[in-house]
Amino acid sequence: MAAQDTVDHKYVYDFAEGNKDLKDLLGGKGANLAEMTNLGLPVPPGFTITTEACKAYLATGREPDGLAGQIQAHLESLEREMGRRLGDPGDPLLVSVRSGAKFSMPGMMETVLNVGLNDRSVVGLSAQAGGNDRFAWDSYRRLIQMFGKTVCDVPGEEFEQALEDAKRAKGTKNDLDLDADDLRGLVDAYKRIFAKHTGREFPQEPREQLDLAIRAVFESWNAERAVVYRRQERIPADLGTAVNVVTMVFGNLGPDSGTGVAFTRDPASGAQGIYGDYLANAQGEDVVAGIRNTVPLQELERIDKKSYDELLGYMARLEGHYKDLCDIEFTIERGKLWMLQTRVGKRTAAAAFVIAAQLVDEGLIDLDEALHRVNGAQLAQLMFPRFQLDHEFQPVAKGVGASPGAASGKVVFTSARAVELAAEGEAVILVRRETNPDDLNGMIAARGILTSRGGKTSHAAVVARGMGKTCVAGADELDVDVPAKRFTVGGHTVGEGDVVSIDGTTGKVYLGEVPVTPSEVVQYFEGTLDPERTDDALVEAVHRIMTHADGRRRLAVRTNADTGADAARARRFGAQGIGLCRTEHMFLGDRRELVERLILARTDDEREAALAALLPLQRDDFVEIFREMDGLPVTVRLIDPPLHEFLPPLEQLAVNVAVAQERGEDVAREEALLAAVRRMHEENPMLGLRGVRLGLVIPGLFAMQVRAITEAAVRITRDGGSACPEIMVPLVGAVQELETVRAEAEKIIEEVVGDSGVEVLIGTMIEVPRAALTAGQIAEAAQFFSFGTNDLTQMGWGFSRDDVEAAFFWRYLELGIFGISPFESIDREGVGRLVRIAAEEGRAARPELKLGVCGEHGGDPDSVHFFHEVGLDYVSCSPFRVPVARLEAGRAAIETTGSDSR
Ligand code: ADP
Ligand code: MG
Ligand code: MG
């Protein structure tokens, strides 16, 4: 940013100046507070400091020029509006200082309430509240506690301990029994704790409190747990957070006050209705922290009907306005309702589909928008198996089904232990009373999360849903004793390492490992569940949205399948052909012996005999696959791996030879094999004698495969079927390689096809960078290209996948060299560029050239969008990813920009 415009740069926006589309600048919370303000909803007045101010602060370590003055101006105007001054001793204005980034990061960053209270204004606050001393001192002690913990890093436990001590001295377990004098004493204790840890007195100057709190929110962007969360959720690290300064309203003024959270639909199932929790006589943090037990929101109707009706009215309005599920935070101060936050709410994968379909029915959105609102990762989650329950398994407890899925694993009680055991490859279930942001690493490592307290809106529930991790929350029959590493439930004691199973849909908890069964969505794809007949809202929603995606997409979706069984399943899942049929497995099992004969052949006759024996076996394999894929294209890749992969390992052969010699047996065959393995040894087999190179070096090998493929196709056709083989030559780097193979293949094809009418295409993989760069030449000899993006990534980056993933990818991810492994999602700028060049130059040379991709990227949502943009004809992926690719191809077709599905 140029120096001269920093002077005038606008860093602070009044709520009335913003709107919901300014999330980049104002963060989600600030943008939505502005939107609600402009809709005329009762939002306490305030202003937002932009993410740009935060970024400037984080870059330079100090507040940017002009920020202090702008804050002052907005504060003064807020003070005029409210008729009170910040921290005024007689009649103080108090504010909250709240973080809020573009993407919601629940509980990850800081908020400080009651800023502006000090030894003098606490008296004024009491007067404002009609002489309610208890309330005023309770608010003050909360400020010192939150400010101490979040702004000055004072250990939170010390404040909690002091609170416990005060309650014990009073002989009570309930905060509400502490009176004004007790709380005044607690404030003194808190101040001592504050001074001990910070070396200074608790700041009495209101503006200093405000500035320090703002700075702490800026800094919380880089707190470790926020960094971990962003990495997990793939939120960019450079967005920064906005800071919202909001006039305080009080839910802790007595029984006619309170605070709550609400959802306009059930975020777990998507069902319509009113969902939420309410807590009387409390400040907002008490609900979110799950510290006290809340009542269902419906009870508010009885407690305060006027506020309840008003709230329902606003919820309906917000849903109509955002045209989506909204979640809401609100506070009631002495019968007056205030809206403190709203956003388009997080939801489970199932709820995403169900809600999208409902909103279409309600006429709020169209099917394109519904398709845009779901994604392949969610669909993949819905294809996870469920528990298979029969009479043997009785639940021992039932909590809230907070995030769906079925998870079994060993019980652990701490985040650290979860990480340890998971690193050893164990499935673990993290069991806590409730979770907090410090448990994040353990939550990531665990298969599932089980808590004994809190509901759908607790930290555990919100974070688990965001990660798509199974979670049961608030299973209150569980008595969890973390220090003793055990919990008890209904007479059972469960210790660390014991296995439990949790069902995040029903909320049920089982002892031991419960077996699993396919999900309804998989049954629907398999064709065993009829979407027209079921009353399962999820299956219906998936069916409608998938049908729409199929209607919209331009990319075809094929599958990678090597056997008839895989081919049949993939076809049920919607595959429109096979994009990669590997022939390697056809050389395994009892056929190894034939391969050995081929390798050991000393004369042409011996080699030809070995090949002739392989021919009918291969032909039968192809017949089976062509039959399953009747009428659809099948791309068969000629043999690709180095032949020594089919021989036993060197060490084993050496031992065999030694043992046989010892026994005086005939070792001629073993010795020949050993010599062959030695001869064929390669330092870098990945870059050695494989793919097309084999075909050019071993006479008759490719010819045998071409013959088997063509004969199988002819047989299918003669039987009244239709086979459409596409022969694919792997690892081509130069057009001459392909031309040589093709000349030989065409002769065989012509001879075998005869008058059967079968048509066989010949094409190549593009997986060597040189092939991508000379695609124009190669296209002269190829009828199709299929991008082998695994090898293209290996050779493009110069990594060997098997070696590098475990060795250093973690470090590259940590350093941000990549945001995600390039084997998982295509590297658009590098490897993707090779794909783009090859597609463009290949098409220029041969306009009817068919283009597809058969690497694992074919089933990765983000990569599918890229392949759509580059103009490929199809993607091919494993059978289970086929529905995901169909959905994402549909989404890619309706989206002009990227795939920001968050
Ligand atoms: P988070 O992003 O973690 O939800 P928030 O900024 O929303 O943090 O604040 C934490 C809690 O404090 C919420 O329950 C919120 O409703 C409450 N809160 C924030 N600002 C105010 C305010 N001005 N008056 C009353 N309660 C507030
Ligand atoms: Mg909030
Ligand atoms: Mg390859």
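Below, all heavy atoms of this structure are taken into account, side chains as well, without hydrogens, waters or symmetry copies. We number each residue from 1, following the sequence as shown. Atoms within a ligand are numbered from 1 in the order they appear, just like the ligands themselves.
Counting heavy atoms only, L340 comes closest to atom 26 (N) of ligand 1 of the residues V115, L340, L279, V97. Scanning Q341, M146, E329, Q283 for the heavy atom closest to atom 16 (O) of ligand 1 points to E329. Of all the listed residues (I328, V249, T247), T247 holds the heavy atom that lies closest to atom 23 (N) of ligand 1.
For F159, the ring pair (Phe, Tyr, Trp, His ring centres under 6.0 Å) partners at least two apart in sequence or on another chain are Y190. Take Y308 and apply the ring pair (Phe, Tyr, Trp, His ring centres under 6.0 Å) test, not counting sequence neighbours, and it matches no residue.
Residue-to-ligand polar distances keep S99 apart from ligand 1: every N/O pair is separated by 3.5 Å or more. Polar contact with ligand 1: present for T111 (N/O pair, distance under 3.5 Å).
At least one side-chain heavy atom of I449 sits less than 4.5 Å from a side-chain heavy atom of T435.
Those atoms of ligand 1 with a heavy atom of K29 less than 4.0 angstrom away are 1 (P), 2 (O), 5 (P), 6 (O), 7 (O), 8 (O). Within ligand 1, the atoms closer than 4.0 Å to a non-hydrogen atom of L113 are 12 (O), 18 (N), 19 (C), 20 (N), 21 (C), 27 (C), numbered from 1 in the order shown. Within ligand 1, counting atoms from 1 as listed, the ones closer than 4.0 Å to a heavy atom of S96 are 19 (C), 20 (N), 21 (C), 22 (C), 23 (N).
Nearest N/O/S atom of E329 with respect to the Mg ion (ligand 2) is recorded as OE2.
Judged by the 6.0 Å distance and 45° axis criteria, K10 is positioned over the aromatic ring of Y13. With W221 as the aromatic partner, R230 meets the cation-pi criteria of under 6.0 angstrom to the ring centre and within 45 degrees of the ring axis.
Using cut-offs of 30° and 60° on the angle between ring planes, the pair F147 and F194 is tilted.
Residue-level proximity to ligand 1 for V246 is carried by backbone and side chain together, each with a heavy atom below 4.0 angstrom.
Taking 4.0 Å as the cut-off between side-chain N and carboxylate O, D476 and R453 do not count as a salt-bridged pair.
Using modelled atom types and a 3.5 Å distance limit, the side chains of R120 and Q204 yield no donor-acceptor pair.
Not a single N, O or S atom of T111, from either the backbone or the side chain, sits less than 2.8 Å from the Mg ion (ligand 2).
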